[in-house]
Every structure is written in C-alpha cells, then in structure tokens.
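Notes follow once the structure below has been shown.
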Amino acid sequence: MSDLVATWDIALSDGVHKVDFEHGTTTGKRIIRVDGKEIYRQDWMFKLVGKEHFQVGKTKCCISIDAVSGFAYEYSLEVNGKPLKKFQENQSRIMRTWVLYIGGVDTRVVLEKDTLDVWVNGERVETTGEFVDDGTETHFQIGSHSAFIKAVTTGRRRDGIVHQLYVDEMEIPLAND
C-alpha cells in the first residue's frame, strides 16, 4: 500500500525531474523518490512533522511536513532555499527551453542565460559563439543536425534580449515549461 501524499516536477537544466513523497501518518514512514528511484527511506519515526533534505543532482531540496489540524498534514517543497513556485519563476527568467522532435527522438534544448551553457537532453554540449550583424549566435550540434541559438536585443530595456533556436535553419518555438 502506497502512502503517496505529494508529487512535484522540478525543471532544471538537465531536464524535468519528478519528486514523489510518501508519508505514513501513523508510522511516520517517509520515502522520497526522484524520477522513480528511491533516494531516501525511513520506515518508522515517532516525529510525524519536520523537514527532509535531499538533492536532485547538485540542486538542494527540502520537503516540509506541517500539521494543519488533527491528523491532516501539509507538504511543501523548497528548491535551493526557495519555495518551488518562486524557484520556478526564477528558472523561467534564467533559462530558455525548447522541445522538438528530431531524428525520431523527443529532444529538450535548454539555454542557461546567466552562464550561456547549452544542454541537450540533460547533457551540456560544446558551443561556439559568433558575433553577427544583429546580435550573437551560439552554434552547437544535436546529433548530426546543426543548431544555433540567436540572441537579439529588442531595443527595449524591459524586454531585453530575445533568444531563438534554429535547427537545420528552421526556427523552433519556445516550450511552455
């Protein structure tokens, strides 16, 4: 019997990770799974509330278990010291993500705007930067396909720089995660 009480998705540079949390409200049992793999288990605990710290890759996470009334509990996830929602908002500011179907495979491309690292399906790839008339292009390979991310200023301070992914000279739309 499963005591699954919460599931969260965390979008990181190397992909979207699913965190499952089981909490036995009579035994205090706690199980954390990341992408289906059990990373923490405590079968018997007298303390039913508290915090569980763990990592997803190098990203620090913490699940808080709080009693709300009687035997009802509230579960929240912090990522890198921020509530998940705040972390996601920050990630959407510093990352651009594209999802495409190429060579028969779903492919996820992520640009970390603060480091200019490019990730393809969770692997950081070698890139070559080039200045062009209207901005910069960061070139890399997706298998046998040539790709580049073009960075162009909008000319409006509030909007900043727009990033566009091109694979085999075709523009790929941004993903919604």
Side-chain angles (χ1 to χ4, degrees), residues 4 6-21 31-41 53-63 77-177:
L4 184 67
T7 299
W8 298 277
D9 289 324
I10 306 171
L12 301 173
S13 300
D14 65 346
V16 178
H17 299 278
K18 182 179 179 186
V19 175
D20 293 322
F21 183 58
I31 299 174
I32 299 172
R33 287 189 186 82
V34 176
D35 299 328
K37 183 178 174 218
E38 187 175 301
I39 63 163
Y40 177 82
R41 174 183 285 266
H53 298 272
F54 64 100
Q55 288 192 195
V56 178
K58 293 181 180 172
T59 304
K60 294 180 189 319
C61 300
C62 178
I63 296 173
L77 177 66
E78 284 186 0
V79 182
N80 282 345
K82 297 182 178 89
L84 180 61
K85 185 172 169 61
K86 194 79 158 159
F87 176 80
Q88 289 170 327
E89 289 168 1
N90 190 48
Q91 288 294 91
S92 70
R93 277 194 294 278
I94 65 169
M95 288 185 351
R96 288 293 173 259
T97 304
W98 296 269
V99 177
L100 62 145
Y101 190 74
I102 187 167
V105 177
D106 281 326
T107 303
R108 186 173 189 265
V109 177
V110 175
L111 168 68
E112 288 183 353
K113 293 183 345 182
D114 54 349
T115 62
L116 296 181
D117 286 339
V118 175
W119 299 74
V120 176
N121 289 339
E123 299 288 324
R124 196 164 66 95
V125 295
E126 286 292 317
T127 61
T128 306
E130 175 184 358
F131 290 101
V132 293
D133 288 341
D134 53 350
T136 62
E137 291 180 357
T138 303
H139 294 264
F140 58 98
Q141 290 292 122
I142 301 175
S144 62
H145 301 271
S146 63
F148 67 92
I149 296 173
K150 187 169 190 158
V152 180
T153 182
T154 60
R156 294 182 303 273
R157 185 179 187 145
R158 182 161 165 66
D159 297 333
I161 297 173
V162 174
H163 296 89
Q164 301 161 302
L165 173 65
Y166 292 86
V167 177
D168 296 334
E169 302 297 324
M170 288 184 50
E171 185 176 355
I172 308 299
L174 275 170
N176 294 331
D177 74 359

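Numbers here simply count residues along the sequence, with the first being 1. Keep in mind that the numbers below use all heavy atoms, side chains included, and drop hydrogens, waters and symmetry copies.
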Tell me whether [X] at atom [atom1] has more than 12 heavy atoms from other residues, nucleotides or ligands lying less than 6.0 Å away.
X: Glu171; atom1: CD; value: yes
X: Glu126; atom1: CD; value: no
X: Arg124; atom1: CZ; value: no

Return the minimal non-hydrogen interatomic distance between [X] and [Y], and the atom names on each side.
X: Thr7; Y: Lys18; result: CG2-CE, 3.4 Å
X: Val167; Y: Ile172; result: CG2-CG1, 4.0 Å
X: Leu84; Y: Ile10; result: CD1-CG1, 4.3 Å
X: Met95; Y: Ala11; result: CE-O, 4.2 Å

Backbone N/O of [Y] and side chain of [X]: donor-acceptor pair under 3.5 Å:
X: Arg96; Y: Ser92; result: yes
X: Glu112; Y: Leu116; result: no
X: Lys113; Y: Arg93; result: yes
X: Asp106; Y: Tyr101; result: no
X: Thr97; Y: Val110; result: no

At what distance, to the nearest 0.5 angstrom, does [atom1] of [X] lie from [atom2] of [Y]?
X: Trp98; Y: His163; atom1: CH2; atom2: NE2; answer: 7.0 Å
X: Ser13; Y: Leu111; atom1: OG; atom2: CG; answer: 9.5 Å
X: Ile32; Y: Arg41; atom1: CD1; atom2: CZ; answer: 12.0 Å
X: Asp9; Y: Leu77; atom1: CG; atom2: CG; answer: 10.5 Å
X: His53; Y: Cys61; atom1: NE2; atom2: SG; answer: 11.0 Å
X: Leu100; Y: His145; atom1: CG; atom2: NE2; answer: 9.0 Å

Student check: side-chain heavy atoms of [X] and [Y] closer than 4.5 Å:
X: Leu12; Y: Phe87; value: yes
X: His17; Y: Thr59; value: no
X: Glu169; Y: Phe148; value: yes

Using the side-chain contact (heavy atoms from CB on, under 4.5 Å) rule, take Tyr166 and His139 through it: C-alpha gap first, then chi angles, then the decisive distance, then the call. CA-CA 9 Å; Tyr166 292 86; His139 294 264; over 6 Å; no
What verdict does the side-chain contact (heavy atoms from CB on, under 4.5 Å) test give for Val34 and Tyr40, after you've listed the backbone C-alpha separation in whole Å, the side-chain angles of each residue and the deciding distance to 0.1 Å? CA-CA 9 Å; Val34 176; Tyr40 177 82; over 6 Å; no
Across all chains, not counting sequence neighbours, the salt bridge (Lys or Arg N to Asp or Glu O under 4.0 Å) partners of Asp134 are Lys150
Taking ring-ring contact (aromatic ring centres under 6.0 Å, His included) as the definition, give me every residue that meets it alongside Phe140, ordered by chain and number, with sequence neighbours left out. none
Audit row: Gln91, Val79, side-chain contact (heavy atoms from CB on, under 4.5 Å) steps and yes/no: CA-CA 11 Å; Gln91 288 294 91; Val79 182; over 6 Å; no
